[in-house]
Amino acid sequence: MTQARQYSHREILEVMSGLMLAMLTSMISTSVVSTALPTIVGELGGQDHYSWVASATMLTMTVSTPLWGKLSDLFGRKLMFQTALGLFVAASLVAGLSQDMGQLIAARAVQGIGAGGLSALAQVILGDIVAPRERGRYSGYMGAVFGISTVAGPLLGGFLVEADRLGWRWCFYVVVPFAAIAFVVIQRVLKLPKVTRGTSIDIWGATTMTASATSLMLLLTLGGQEFAWNSGWTYALGATSVVMLGLAVLAERAATAPILPPRLFRNRTFLLTSLASLFVGMAMFGSMIYLPQYLQIVKGLSPANSGLMTLPMVLALFVAGVVSGRIVSRTGRWKIFPAAGLLLVAAGQWLLSRLHVDSGLWLIGLDVGVLGLGLGLTMQTLVLAAQNGSETRDMAVTTSGVTFFRSLGGAVGVAAFGAILVNRLEAEMAAGLRTAHISLPGGGTPELGSPSAIQALPEPVRSIVLESFTRGLETVFLVGVPIALLGFVAVVLLKELTLRGATASVAPPTAATAPRTP
């Protein structure tokens with residue numbers, strides 16, 4: 001058996017520069033849009049479609065993530081990484097040109113496919129070139145990218161939305177120069193041998209998993225709005241999701257090269273880290289998508305200022321990720337960090353659920369800081385634990401599998417939390433109007449536009465809307481508490497395996513198999 005190649009610290013940093021720049025591209029796009037979403041939805045219309053702008057990206061990111069891992073086994077890590085980057089940029093341009101919500105949601109869906117490749121393959125490539133024991137050291141850099149993008153994105157988004165000659169469309173265009181630089185850097189520094197590990201793509205597995213996840217997303221997003229929960233549509237979509245999930249299991253068992261090999265689910269470490277990642281994704285993405293609504297609609301902050309309010313969360317996430325990563329690399333012990341992190345995530349969600357219309361900004365900053373601290377201790381550590389517990393042949397599918405479940409949690413969380421918010425919002429506004437003996441023209445509740453339009457509503461309608469938003473978001477964050485605690489239980493059940501010190505799994509090329517770097 002050919003011995004794995006040893007990469008120097010300098011070589012790893014060169015590769016990491018390309019990976020981080022590409023990840024920065026996709027992450028900035030997501031964080032930029034999160035701040036601009038209230039304005040975008042207000043201009044294009046459809047507060048009830050708010051969650052779909054985020055959910056479309058999360059859904060396609062989720063279902064494509066494991067497929068990217070398999071494609072990288074077949075066609076090479078570098079080619080697939082660059083393909084994902086190109087697809088992401090093309091979809092971003094289309095999103096910026098969108099004229100209605102349908103076009104925007106479709107473009108965001110394609111954008112998610114590219115983002116799924118970038119997020120999964122960055123971790124796969126890192127696993128290829130860095131020993132498990134050392135990955136904590138470098139995963140801290142990945143956490144830094146997340147932190148920088150989460151700080152820069154909302155601030156940049158706020159500036160673009162408020163700039164007279166730019167506007168929200170530039171939230172999508174702005175990633176193009178970043179992506180061009182990332183593509184050039186990756187082409188020059190990422191020198192991996194092309195190793196073909198299989199000969200087929202699991203089409204049936206991809207199709208059935210996509211159908212199952214899509215049916216679930218449609219049920220969570222449209223239920224209670226487009227159709228009643230107790231209706232034929234609910235039962236049909238629920239049954240479709242379950243049946244497709246069953247067919248996906250059969251497809252994976254029969255496939256020659258399955259996207260998610262069934263043997264992975266016999267691995268206790270993979271199973272529990274995936275379950276914990278599912279709950280982390282639900283809590284994290286649910287909070288990050290809907291927090292700007294509270295800051296801009298309820299607190300009346302501008303998009304730029306609402307971006308500044310995420311700074312405590314990002315700083316806490318960055319510090320926690322870097323410090324815990326270095327401790328893990330030095331000691332090889334990791335379990336305490338996601339366990340403590342998920343307890344902090346639960347505490348952060350509970351604190352956010354206690355916010356009111358008149359809550360002080362310092363209190364909001366403290367609450368989001370607690371949430372960021374928990375996320376920083378948890379996210380990268382779970383990936384390291386899963387990689388450490390996997391066989392070399394399963395490195396790509398293990399990494400993309402854990403990322404898949406985190407993305408799935410995010411997609412379900414955004415959709416479910418959006419359904420909770422919309423239903424609670426409608427009920428609270430209707431109750432508030434009845435209590436105030438107010439009857440609007442045409443009946444029903446106020447049409448909600450951009451944050452500035454809501455702030456311009458006449459009293460007492462404005463106060464009723466703001467209080468309704470606060471109570472709706474209170475429920476959203478409160479639901480996140482037991483979700484985070486379920487993740488904590490999954491981590492507690494994990495058996496801690498000290499991180500291996502062996503080198504990574506990319507074998508050097510031989511004379512007979514010269515490397516081909518696409």
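Position 1 is the first residue of the sequence; numbering continues from there.
- Looking at heavy atoms from C-beta onward, Lys299 lies in side-chain contact with Leu361 at the 4.5 angstrom threshold.
- Here the side chain of Thr470 pairs a donor or acceptor atom with the backbone of Leu466 at under 3.5 angstrom.
- Residues Val345 and Val280 form no side-chain contact, since every pair of their non-hydrogen atoms from C-beta on lies 4.5 Å or further apart.
- Separating the CZ atom in Phe270 from the CG atom in Leu264 is a distance of 4.5 Å, to the nearest 0.5 Å.
- Rounding to the nearest 0.5 angstrom, the gap separating the CD atom in Gln349 from the CG atom in Asp367 is 10.5 Å.
- One N or O on the side chain of Ser215 and one on the backbone of Ala211 form a donor-acceptor pair closer than 3.5 Å.
- Using a 4.5 Å heavy-atom cutoff, the side chains of Leu373 and Leu317 are not in contact.
- Looking at heavy atoms from C-beta onward, Leu352 lies in side-chain contact with Leu355 at the 4.5 angstrom threshold.
- Here the straight-line distance linking atom CZ of Arg406 with atom OG of Ser277 works out to 6.5 Å at 0.5 Å rounding.
- In plain terms, the two heavy atoms of Ser324 and Gly376 that are nearest each other are OG-O, 4.0 Å.
- In terms of heavy atoms, Val479 sits closest to Phe417 at CG1-CE2, 3.7 Å.
- Shortest non-hydrogen contact noted between Ala248 and Met209 is CB-CG, 3.8 Å.
- Note that CG of Leu97 and OH of Tyr173 are 3.5 Å apart. Values are rounded to the nearest 0.5 Å.
- Taken to the nearest 0.5 Å, the CG atom of Leu421 stands 5.0 Å off from the CG atom of Leu473.
- Residues Ile364 and Tyr294 meet the side-chain proximity criterion, which asks for heavy atoms closer than 4.5 Å.
- Ala276 and Leu382 get closest at one heavy-atom pair: CB-CD1, 4.0 Å.
- Considering all non-hydrogen atoms of both residues, Ala107 and Val94 come closest at CB-CG1, 3.9 Å.
- The closest side-chain heavy-atom distance from Leu377 to Thr381 is not below 4.5 Å.
- The heavy-atom pair separating Thr273 from Ala385 by the smallest distance is CG2-CB, 4.1 Å.
- Every residue meeting the side-chain hydrogen bond (donor to acceptor under 3.5 Å, both in side chains) condition with Thr475, not counting sequence neighbours, appears here in chain and number order: Arg424.
- Residues passing the side-chain hydrogen bond (donor to acceptor under 3.5 Å, both in side chains) test with Arg462 are Gln455, Glu459, sequence neighbours excluded.
- Taken to the nearest 0.5 Å, the CZ atom of Phe172 stands 5.5 Å off from the CZ atom of Arg108.
- Trp68 places a side-chain N or O within donor-acceptor distance of the main-chain N or O of Ile113, the cut-off being under 3.5 Å.
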